[in-house]
Every structure is written in C-alpha cells, then in structure tokens.
Amino acid sequence: MDYKKLSELIFPNVTVTPEELEEKYPKRELPEGARVTRFAPSPTGFIHLGGLYQALLDSHLAHQSGGVFFLRIEDTDRKRLVDGAIEGIINTFSSFGIEFDEGATADGEKGSYGPYRQSERKEIYHVFAKKLMSEGRAYPCFCTPEELEAQHERQTVAKADPGYYGEYAVCRDLPLEEIEKRLAENKPYIVRFRSEGDKTKTVAFKDEIKGELLVPQNDNDFVLLKSDGLPTYHFAHAVDDHLMRTTVVVRGEEWLSTLPYHLELFYALGFKRPQFAHTAHIMKNENGGKRKLSKRKDPEAAVTYYAENGYTAEAVKEYLWTLLSSSFEEWRRANPTLPSSEFKLKLSKMSISGCLFDMDKLNDVSRNYLSRLSGAEVMALLDSWAPEHDKALYTLMEKDRAKIEAIVSVGRGGQKPRKDLTTLKDVFPYVSYFFEEHFVPSESEKLKSPDARAILADYASVWSENDEQTEWFEKIKALAARHGYCPDTKQYKADPTGYKGHVGDVSAIIRLAVTGRESTPDMCAVMKILGKETVIKRLLAE
RNA sequence: GGCGCCUUGGUCAAGCGGCUAAGACACGGCCCUUUCACGGCUGUAACAGGGGUUCGAUUCCCCUAGGCGUCACCA
C-alpha cells in the first residue's frame, strides 16, 4: 500500500507540514519548573463544581510555578453547543477569582498559541492526520453507524471486547483502488487511527495524583476525524496539548480508561507526552450509596448555587481546597489570614479517591471564613451580593448602611470572633430587628408576668445609652438584686435558695423584650445601636 | 458483562513494617461565662473480608466483596 498516495488522496489540500507548525508554536520560554495548564470545557452549559475544582487546581499549578493557565474551548461537537456558554464560563471563573492568562475570550482570544477554539483548528488537525496517514498510522473508514452498531451487537453476543480492532476492523486494509472508488461515489467516511498495540500487554504509567498505574496497551482503531472533518476529543487533545505546550493535563478520572489511546497517539505522533493528573470525583450521598455529583439532580453541583445561597466565592474555594489537599487545613490554621493562593500544593498530597460532598463541612468553612473578616469587609461582600440575591437586605442597606455595618461589626476581630453568620443569607435576620418595620415583638410568656413587667420598667429608668460595658453590667446586676435575682451566677448555682433566678435570667428578659429574640450579640452594644428612643419604647411596650 | 481506578470512624482525612491508629466536621457531655456567642476539656465511633510475606502487618503481595468510572463519528 502506498500510504503517501493515500494521504494525498484524502488530504489533497493540506500543504502545511508538521514541521512548520512546530516552528509556529515553539516551546514556551518559561522559568525552570514552570507549568502550563489548561481548562478545556466543551461549551455545553455552565460550570459544575467538579470543573471549578479542576480549574482551581490548574490555575494554582500554573501560577505558583510562574507558568501559564489558558482556556481552550472544545467545541467539536456541533450538536451540543449552547449560546453564551463561553462568556458564562469566563464570568463564573472570574467571580471565583480564577483568571485565564491566555485562550478564548467572550468575543475573541488572547495569546499566541491559538486558535483556542477547536472548531477553528480544523486545518491543524488535518496536517497531523495526513502525517499519520502517510506513515500508515491512519486510514479512512467507510463503515456506517448502522454497520458499527450491528458489529457491536455481534461482539456482545460473542462476548468479545467492543471496538474496532483485528477482524472487526473491516476498513483497515482496504485496497487503494477500493478507497478511490468509494471516494468517487461520495461515500462518507471517518479517519481512524491504526493501532499497533497489544491489549494483553500493560505499560507502567505514572500519574501525578494517582501514582504508579498499570495500564493496558490500546489495540482499538479509534476515530481521529469525524465525518464532518472535526477531530474527536482524543485526537484534538494530543494535537492541541502538544502544540499549546501544555505540561500538565489535569482532568477527571473518567479519562483514565481512554488514557491508552492517548499514550499510543502521542507516541505515534512523535510528541513528548505531558504529565497527567487525574482527579477523583466529588460524590454525593444518596440512599446510603455514593454517586457522582450530578448537575441534573443536585442543585449544589451547579456553581451558581453557592452565590444564590449566600456562600462567598472564597468560602467555596476554601472548602474545595480542603478536599483538594489533605494538608490545607493544617496550613490554614497556621496561616489564618493569608489568601489561599499562597498555599503550597503538592500533587502527591492530593486525595486519590472520590470524596462525598459535605454541606456541614462547607458551612463550617464558610462560617469560619466570614468570622475572620472585618465589618467593612463583610459590607463589601454584601454590596456585590445583596442587590441580586437578597432584595430585602439591600433595601435596608440603602436605608441605613452605617447601622448595618455597626451591627455586623459587633464582636468581630480579635482571637475569638463571633461566628453568627454561616452564609450571607444569615445577615438579614441578623439585622432585621434593628428596623421597626421588621421588628417582631416576642410573644413569649416570659415577658407577661408582673415580675417581668416590673424588671423592664425599672430597667428603662436606669439604662443609659452612654454606659460602657462595665457600667452597663453593674446596672444589670443591681437590677437583678432589686428584683430578687442573684447577681452572681456561680453563687446561684452553688445555692439557689431564696432567689427567683440569676442575673442571666434577667438579661434574657431584657434581650427578649428589646430584640424579640433569645440569641443576639452583646446586648450592651446592641442597645447602643438601637438608640434610646427605640430601646425605651420596646422595654415599656405592652 | 469486560477492563480500569478506589476501599482507615457518619463525612473529610493523617499514617507510608512495630503507634494506647492523629486531626477536622457532625453528634453527646462537662467547664468557662452578665446575656448571646466564642472558647477550653471530654465522650461515642474506623483499618471491608480472607489468605499469604515477615519476628511483627492499617502499611507489601494475592484473592474475594463493595463502590466508582468507562466501554460513541460526546467530551
């Protein structure tokens, strides 16, 4: 067989050589050890938590090594394109502080290793397909989908491995004349790879996350070019990651099963293969079983879920980091204020088995994150979050932003900050009772007794908004004593004889009357913010 | 079903031939405390099962089971 002639027959218009492309996309000039990574989604919709997980890892690997992180759009499946998806992807990542150094942009692209949309790289793929064909490593296949399906059924019945190989690879050695004839008849065809592997043999492979693996050789003549001339993932991956000079391919572990394709393909193409890092899946618990987090069934799988529910981007990232690396939490405790981008990640410390998504843990991480912020920082977060996600809160912010900042600032800072807020959604109920229109007086029986009425009336006459902590507390103690409550909790617990209760009970009554709640930050601070008029009114309310 | 990956408490996990098998979340108790929190202390709870190798296996090897993934002209 004259493979050279075959390749000219199939690709008459391809005149560019692989060497010219190698020259056009030269090895990147980067510092020693710099990593080039990419996020390569197909623009079929919006970002899944697993995608965020990978992008976080990609950008971290590149940026911490002085390398490059780029966005490549895998839009070779024309049937599944979704309008605006690219812009959505970029915006979503941007909202998480993940930026691309090069690659596709909403309306074009940046960088000199493009095009970054696979649909615009057809000619490039054809150059390499032609090269493979001229070397006998690729061939046209005229099998129809129906024929392939029938063959697949035969394989199933015969308990043979599915695929296009050996006796099943019917187009593998078609004579040149036959090919010419079918071409002349305008028969549609695809281009397949000619595998030389032996499935019964395995090769050692080192994954950057999973470690040493044993993978079988490939023997499947998988598809390189589809009938529309666009490449399959496998072929595009090899060509693009080589030409774009990717050094580490980070992708989900679902790709492990086709890794043999890629390994053989890189070798046949004469490309040095990049490193591979296959990440474990984030799973979801359902009826006691595990399964991959699904965008269809699980709202928390969509990255947009978090902003909608008041989780800040930083908190989500922080949580993802705890999943990404077992040493992150330890690092965080040692460095409570550093941005997570400072964390030194070791791929070898990454978890290799799939983990269950844990909302409790996310809540804890989010709560801790918010507790470390200053009041002003919380307000900045609210400024961008509330207008879209919490109209009621935003209305209050417009009305009296300073008051809200004062409220959320109570008990912040220092070594042991309050942790009242788990998400930004908690802010509204946290501040609402400071506003008359949202204040709901307590219906509790505790306030209805004559005793409670007397305490509140008495307190209204002694409280002053100018009192500082110590003075404020002394007044409460004195008040407690006057009404038959023990001013000292410890003493009361030692011997409650002769008391109606202790000073804590008195505080509880005041809190309930003034705020309508049983749990609020420090009452001294709360009442100062509420102001004299409101406090007195609520203390004396019937 | 074939093939591959994975398997330490409810969850995330440390461990890398010898440990009373860390820590975090969640849950329970106690303490601290003017209230509300924070915090401190503490408790329940794990090496999937079976064979080897070894003086000794959570750690190394094999088998079984289970979970996950994948078997497209989708990525």
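Proteins get letters first, then strands, A, B, ... in listed order; numbering begins at 1 in each.
- Side-chain atoms of A:Ser371 come within 3.5 Å of backbone N or O of A:Asn368 as a donor-acceptor pair.
- Within residues 149-166 of chain A, the residues having any heavy atom under 4.0 Å from RNA chain B are, by residue number, A:His152, A:Asp161, A:Pro162.
- In this structure, the OH atom of A:Tyr492 is 15 Å from the C1' atom of B:rU34, given to the nearest Å.
- B:rC38: glycosidic angle within 90° of 0, hence syn.
- In the set B:rG69, B:rC74, B:rC73, B:rC73 carries the atom at the smallest distance from any side-chain atom of A:Pro145.
- Of the residues in residues 199-222 of chain A, those placing a heavy atom less than 4.0 Å from an atom of RNA chain B are A:Lys210, A:Leu213, A:Leu214, in numerical order.
- Contact between the side-chain N/O atoms of A:Lys79 and the OP1/OP2 oxygens of B:rA72 is not found at any separation under 4.0 Å.
- Residues satisfying the ring-ring contact (aromatic ring centres under 6.0 Å, His included) criterion with A:Phe128, sequence neighbours excluded, are A:Phe271.
- The side chain of A:Glu253 sits closest to B:rC5 out of B:rU70, B:rU7, B:rC5.
- Applying the salt bridge (charged side-chain N to carboxylate O under 4.0 Å, His left out) test to A:Asp221 and every residue at least two apart in sequence or in another chain returns A:Arg172.
- In the displayed structure, A:Gln155 atom CD is contacted under 6.0 Å by more than 12 heavy atoms of other residues, nucleotides or ligands.
- Note on A:Thr520: every side-chain N or O is 4.0 Å or more away from OP1 and OP2 of B:rA37.
- The side chain of A:Thr44 places no N or O atom within less than 4.0 Å of a non-bridging phosphate oxygen (OP1 or OP2) of B:rC74.
- Under 4.0 angstrom from either OP1 or OP2 of B:rA37 there lies no side-chain N or O belonging to A:Lys416.
- Shown are A:Asp241, A:Asp240, A:Asp58; of these, the side chain to side chain donor-acceptor pair (under 3.5 Å) with A:Arg38 is made only by A:Asp241.
- Panel note: side chain A:Arg137, backbone A:Arg194; a donor-acceptor pair is recorded below 3.5 Å.
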Could you go over nucleotides 24-27 of chain B and give all protein N or O partners under 3.5 Å, atom names and distances?
{"from": "B:rA24", "atom 1": "O2'", "to": "A:Glu329", "atom 2": "OE2", "distance (Å)": "3.3"}
{"from": "B:rA24", "atom 1": "O2'", "to": "A:Lys361", "atom 2": "NZ", "distance (Å)": "2.5"}

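- Consecutive Watson-Crick or G-U pairs involving RNA chain B, each under 3.5 Å on both distances, make up stems of three or more pairs at B:1-7 with B:65-71, B:10-12 with B:23-25, B:27-31 with B:39-43, B:48-52 with B:60-64.
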One pair to check against ring pair (Phe, Tyr, Trp, His ring centres under 6.0 Å): A:His237 and A:Phe266. What are the steps and the verdict? CA-CA 10 Å; A:His237 152 55; A:Phe266 270 96; 5.4 Å; yes
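- Using a 4.0 Å heavy-atom cutoff across all strands shown, A:Pro260 reaches no nucleic acid atom at all.
- For A:Glu300, the side chain to side chain donor-acceptor pair (under 3.5 Å) test picks out A:Lys284, with sequence neighbours left out.
- Residue A:Lys226 has a polar side-chain atom (N or O) positioned under 4.0 Å from OP1 or OP2 of B:rA75.
- With sequence neighbours excluded, no residue forms a side chain to side chain donor-acceptor pair (under 3.5 Å) with A:Asp228.
- Residues meeting the side chain to side chain donor-acceptor pair (under 3.5 Å) test with A:Glu153, sequence neighbours left out: none.
- Rounded to a whole Å, the CD atom of A:Glu254 is 15 Å from the P atom of B:rC68.
- Scored by the ring-ring contact (aromatic ring centres under 6.0 Å, His included) test, A:Phe357 finds A:Tyr319 as partners (sequence neighbours excluded).
- Contact annotation: A:Lys419 reaches the phosphate of B:rG39 (side-chain N/O to OP1 or OP2, under 4.0 Å).
- In this structure, A:Asp207 contributes its side chain and A:His278 its backbone to a donor-acceptor pair below 3.5 Å.
- Taking the six-membered ring wherever Trp is involved, the centroid distance between the rings of A:Phe193 and A:Phe222 falls below 6.0 Å.
- For A:Arg332, the side chain to side chain donor-acceptor pair (under 3.5 Å) partners two or more places apart in sequence, or in a different chain, are A:Glu318.
- Among the atoms of the strands shown, none is found under 4.0 Å from any heavy atom of A:Ser327.
- Residue pairs meeting the side-chain hydrogen bond (donor to acceptor under 3.5 Å, both in side chains) criterion with at least one partner in residues 423-432 of chain A, sequence neighbours excluded, are A:Asn309-A:Lys425, A:Asp420-A:Tyr430.
- With distances taken from any side-chain atom of A:Ser257 to the nucleotides B:rU34, B:rU70, B:rG15, the minimum falls on B:rU70.
- For A:Arg517 against B:rC36, no side-chain N or O and base N or O form a donor-acceptor pair under 3.5 Å.
- For B:rC73, the base has a donor-acceptor partner in the side chain of A:Ser227 [N/O atoms by modelled type, under 3.5 angstrom].
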